[in-house]
K.L.:
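Got a structure for you, questions after.
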There are 2 protein chains.
Amino acid sequence: MRINTVFEALSHPVRRQILTLLKSGPMSAGELAGHFDLTKPTLSVHFNKLRDAELVAVERRGTSLIYHLNMSILEEALSGLLGKKDQTP
Amino acid sequence: MRINTVFEALSHPVRRQILTLLKSGPMSAGELAGHFDLTKPTLSVHFNKLRDAELVAVERRGTSLIYHLNMSILEEALSGLLGKKDQTP
DNA sequence: CTCATAATTAGATAATCATCTAATTAGAGT
DNA sequence: ACTCTAATTAGATGATTATCTAATTATGAG
């Protein structure tokens, strides 16, 4: 787990909102995009950063890509900061 | 508490490291700066961001500025993300 | 009041980030 | 094979960020 990548990903409000939306369950890229006033390509970039951080996982269902929340990485990163370690570069 | 400011502040490795250092107790700006390979003005900017986020508080002792960790804001922000709310703009 | 020390603010610059439009890939149905 | 839909990647641009050097403020000591 690249802790820096995780916190980078968490630093943008849109990306945190995406995580919040995914708490209610998996959602397609398009459905997620519908919640924002941004273009799909822009959202796609945000999805990528969340995926790089492993905060979400993606699965294909037909022509759609379904995003899932990966709660455990979130917990690891945050408790890492509250606890002792934060192996910064 | 501006949640966005808090996560912005947490997004930089140096700033997270500063928080980690402060877990052992309050420390002056100069002492903190000694732990990094960066100039004091650069560190000063980082201190400001942490202070804006209220993640640290500052107190003057003679010519020195002593920084204190504000653990509660950290806990609030992180548990806010794990829990329900994250009122993103 | 002047000097030395601690730390900041100011200004400049290079790098990174968020966003858009246009073009491309991938899958499903006809 | 062609077309439609979903979503991505590519390329460009404007805004923000991290960093440095130089100058400034604030405090305490002589």
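In what follows, every chain begins at residue 1, and chains take the letters A, B, ... in the order their sequences are listed.
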K.L.:
Surrounding CZ of B:Arg60 (heavy atoms of other residues, nucleotides or ligands, distance under 6.0 Å), is the total greater than 12?
P.N.:
yes
K.L.:
For B:Ser28 and C:dA7, is the shortest distance between a side-chain N/O and OP1 or OP2 below 4.0 Å?
P.N.:
yes
K.L.:
Is there a side-chain contact between A:Ser44 and the phosphate of D:dT8, meaning an N or O under 4.0 Å from OP1 or OP2?
P.N.:
yes
K.L.:
What's the CZ-P distance between B:Phe47 and D:dA18, to the nearest Å?
P.N.:
14 Å
K.L.:
Can you tell me how far C1' of D:dT27 sits from CG of B:Leu65, to the nearest Å?
P.N.:
10 Å
K.L.:
Please report, rounded to the nearest Å, how far the C1' atom of C:dA7 is from the CZ atom of B:Arg60.
P.N.:
7 Å
K.L.:
Look at the side-chain N and O atoms of B:Tyr67 and state whether any lies under 4.0 Å from the OP1 or OP2 oxygen of C:dA7.
P.N.:
no
K.L.:
For B:Phe7 and D:dT16, give me the distance from atom CZ to atom P, rounded to whole Å.
P.N.:
21 Å
K.L.:
So, is B:Asn48 near the phosphate of C:dA7, with a side-chain N or O under 4.0 Å from OP1 or OP2?
P.N.:
no
K.L.:
Report yes or no: does A:Asn70 contribute a side-chain atom to a donor-acceptor pair with the main-chain N or O of A:Glu54 at less than 3.5 Å?
P.N.:
yes
K.L.:
Let me confirm one number: the CD-CG distance from B:Glu75 to A:Leu81, rounded to the nearest 0.5 Å.
P.N.:
10.5 Å
K.L.:
Calculate the interatomic distance between B:Lys49 atom NZ and C:dT9 atom C1'; express it in whole Å.
P.N.:
15 Å
K.L.:
Any heavy-atom pair between the side chains of A:Leu50 and A:Tyr67 that's under 4.5 Å?
P.N.:
no
K.L.:
Indicate whether OP1 or OP2 belonging to C:dA18 is found under 4.0 Å from a side-chain N or O atom of A:Arg15.
P.N.:
yes
K.L.:
Give every pair of a protein N or O atom and an N or O atom of nucleotides 19-23 of chain D that lie under 3.5 Å apart, one pair per line with the distance.
P.N.:
from   : atom 1 : to      : atom 2 : distance (Å)
D:dT19 : OP2    : B:His46 : NE2    : 2.6
D:dC20 : OP2    : B:Thr39 : N      : 3.2
D:dC20 : OP2    : B:Thr39 : OG1    : 3.1
D:dC20 : OP2    : B:Thr42 : OG1    : 2.6

K.L.:
Please test A:His68 against A:Glu59 for side chain to side chain donor-acceptor pair (under 3.5 Å), starting from the C-alpha separation and ending with a verdict.
P.N.:
CA-CA 8 Å; A:His68 302 252; A:Glu59 166 211 6; 2.7 Å; yes
K.L.:
For the pair B:Arg16 and A:Asn4, evaluate side chain to side chain contact (heavy atoms under 4.5 Å, CB included) and give the outcome as yes or no after the intermediate values.
P.N.:
CA-CA 10 Å; B:Arg16 290 197 307 278; A:Asn4 199 44; 3.1 Å; yes
K.L.:
Would you indicate what A:Glu8 reaches in the nucleic acid, counting non-hydrogen atoms under 4.0 angstrom: base, sugar-phosphate, or nothing?
P.N.:
sugar-phosphate
K.L.:
For the side chain of A:Arg15 and the backbone of A:Ala9, is there at least one donor-acceptor N/O pair under 3.5 Å apart?
P.N.:
yes
K.L.:
Rounding to an integer number of Å, can you tell me how far B:Leu50 CG sits from C:dT8 P?
P.N.:
12 Å
K.L.:
What is the distance, rounded to the nearest whole Å, between atom CG of B:Asn4 and atom C1' of C:dC17?
P.N.:
14 Å
K.L.:
Given atom CZ of B:Arg61 and atom C1' of C:dT5, what is their separation to the nearest angstrom?
P.N.:
17 Å
